[in-house]
Amino acid sequence: MEFDESAYVEAPQGRTNLLFNDEKQQARFELGCSMMVYKWDALDIAVENQWGGVDSAEKRDWITGIVVDLFKNEKLVDVALIEETLLYAMVDEFDTNVEDDSALPIASGIIDIYNACAIENYLPVEKLYQEWQNREKNKPQRVIKVTGDDDDSSDNDDDDDEEGDEIQYQYEEVDVEMDDGSSKPEPVVDDDGFELVQKKGKKRF
């Protein structure tokens, strides 16, 4: 996959940030940014294995939020800045040091999405969104361990703290009450029928 490590976007003269004035443009960009973050295999593995704890899925959404915030707060955003933001977030939130350069194409793709949205070309975002939907539909069943808060004491727990109720569920159909971070990481639907991941959490890095 070809990508430009030196790519960047810069606010026009007189502007102090890269926030789109048009709400649809901004919403499509945030959705596209979210879908690019969801494509990052290193982060996906970290979420799958809950390396960031039970709220790993929520942390992924938070990472999307801090990347979007770069464009809201900075006058110039380049691939290096996005990559650095992603890598630091992985260390801080998932205790994972990613050294395979896999964040580079993600960062470059986010710049491409911004440029596409700037000319109101939303096809790349729609394609990413469709790909994400297809991946979710084809995900296999998973087995997760849920540590009960009150009912576990009534069971015969002779094992150590790792024991919990094993529950199988489809990734897109969660029937288990869990912390917010462990629920399915589906974005919120906007007025045009697209889904948008919103920033959660208050952590800084």
Side-chain angles (χ1 to χ4, degrees), residues 1-44 46-47 52 57-94 96-129 131-132 185 187-192 194-205:
M1 177 181 177
E2 295 289 335
F3 60 90
D4 184 2
E5 295 184 33
S6 63
Y8 69 92
V9 288
E10 186 174 8
Q13 188 172 4
R15 292 284 306 277
T16 59
N17 59 50
L18 290 154
L19 181 69
F20 288 115
N21 290 326
D22 183 86
E23 291 183 2
K24 182 175 181 179
Q25 279 180 295
Q26 184 63 29
R28 290 296 179 273
F29 168 64
E30 292 186 15
L31 175 60
C33 182
S34 170
M35 295 297 96
M36 286 303 304
V37 171
Y38 270 59
K39 280 187 67 173
W40 190 17
D41 286 340
L43 179 54
D44 194 47
V47 172
E58 185 181 47
K59 288 181 177 181
R60 174 165 53 188
D61 291 348
W62 177 79
I63 290 174
T64 295
I66 61 174
V67 173
V68 169
D69 280 351
L70 293 176
F71 293 81
K72 293 180 179 180
N73 300 323
E74 301 294 336
K75 190 172 182 178
L76 186 150
V77 175
D78 59 14
V79 170
L81 177 60
I82 299 173
E83 181 196 26
E84 182 181 76
T85 299
L86 292 170
L87 294 177
Y88 277 138
M90 281 291 285
V91 172
D92 288 349
E93 301 300 325
F94 293 93
T96 302
N97 189 15
V98 181
E99 298 179 339
D100 60 0
D101 292 331
S102 61
L104 271 174
I106 301 301
S108 178
I110 291 172
I111 295 290
D112 291 341
I113 290 295
Y114 185 91
N115 286 327
C117 290
I119 59 173
E120 299 184 38
N121 174 17
Y122 304 127
L123 289 177
V125 175
E126 293 169 4
K127 181 180 178 182
L128 284 170
Y129 179 65
E131 290 174 352
W132 175 80
V188 176
V189 179
D190 68 12
D191 292 337
D192 294 316
F194 286 88
E195 296 181 3
L196 175 64
V197 170
Q198 297 180 343
K199 178 175 63 174
K200 298 180 181 178
K202 298 180 180 178
K203 293 191 177 182
R204 298 179 180 178
F205 73 101

Can you find a pair of side-chain heavy atoms, one from [X] and one from [Y], that are under 4.5 Å apart?
X   : Y    : result
D78 : I111 : no
V47 : K59  : no
C33 : I113 : no
K39 : W132 : no
K75 : T16  : no
W40 : I63  : no
I82 : F71  : yes
N21 : R15  : yes

Between [atom1] of [X] and [atom2] of [Y], what distance do you get to the nearest 0.5 Å?
X    : Y    : atom1 : atom2 : result
K72  : N17  : NZ    : CG    : 10.0 Å
E74  : L18  : CD    : CG    : 8.5 Å
Y38  : D61  : OH    : CG    : 4.0 Å
L86  : M36  : CG    : CE    : 9.5 Å
E131 : L128 : CD    : CG    : 5.5 Å

inquiry  = For Y114 and F20, take the angle between the two ring planes, folded into 0 to 90°, and tell me which bin it lands in: parallel under 30, tilted 30 to 60, perpendicular over 60.
reply    =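 Answer is parallel, since the angle falls under 30°.
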inquiry  = Looking at A103, is its backbone amide N or carbonyl O close enough to the side chain of E83 to form a donor-acceptor pair, meaning the two atoms are under 3.5 Å apart?
reply    =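 Looks like no, no N/O pair under 3.5 Å.
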query = Any donor-acceptor pair under 3.5 Å linking the side chain of D101 with the backbone of L104?
reply =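 Such a contact is absent between D101 side chain and L104 backbone.
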Least distance between heavy atoms, [X] atom then [Y] atom:
X    : Y    : result
S102 : I106 : O-CG1, 3.6 Å
C117 : Q25  : O-NE2, 2.8 Å
V98  : L87  : O-CD2, 3.7 Å

task = List the steps and the verdict of side chain to side chain contact (heavy atoms under 4.5 Å, CB included) for M35 and V125.
result = CA-CA 8 Å; M35 295 297 96; V125 175; 5.8 Å; no
key: Residues that S108 engages under side-chain contact (heavy atoms from CB on, under 4.5 Å), provided they are two or more places apart   =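 Here the qualifying residues are F3, V79, D112.
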inquiry  = Could you walk me through whether D44 and R60 satisfy the side chain to side chain contact (heavy atoms under 4.5 Å, CB included) test, starting with their C-alpha distance in whole Å, then the side-chain angles of each, then the deciding distance to 0.1 Å, before giving a yes or no?
reply    = CA-CA 8 Å; D44 194 47; R60 174 165 53 188; 3.1 Å; yes
key: Evaluation steps, side chain to side chain contact (heavy atoms under 4.5 Å, CB included), between T64 and E30   = CA-CA 8 Å; T64 295; E30 292 186 15; over 6 Å; no
request  = Begin with the C-alpha distance, continue with both residues' side-chain angles, and end with the deciding distance and a verdict on side chain to side chain contact (heavy atoms under 4.5 Å, CB included) for Y122 and E120.
outcome  = CA-CA 6 Å; Y122 304 127; E120 299 184 38; 3.7 Å; yes
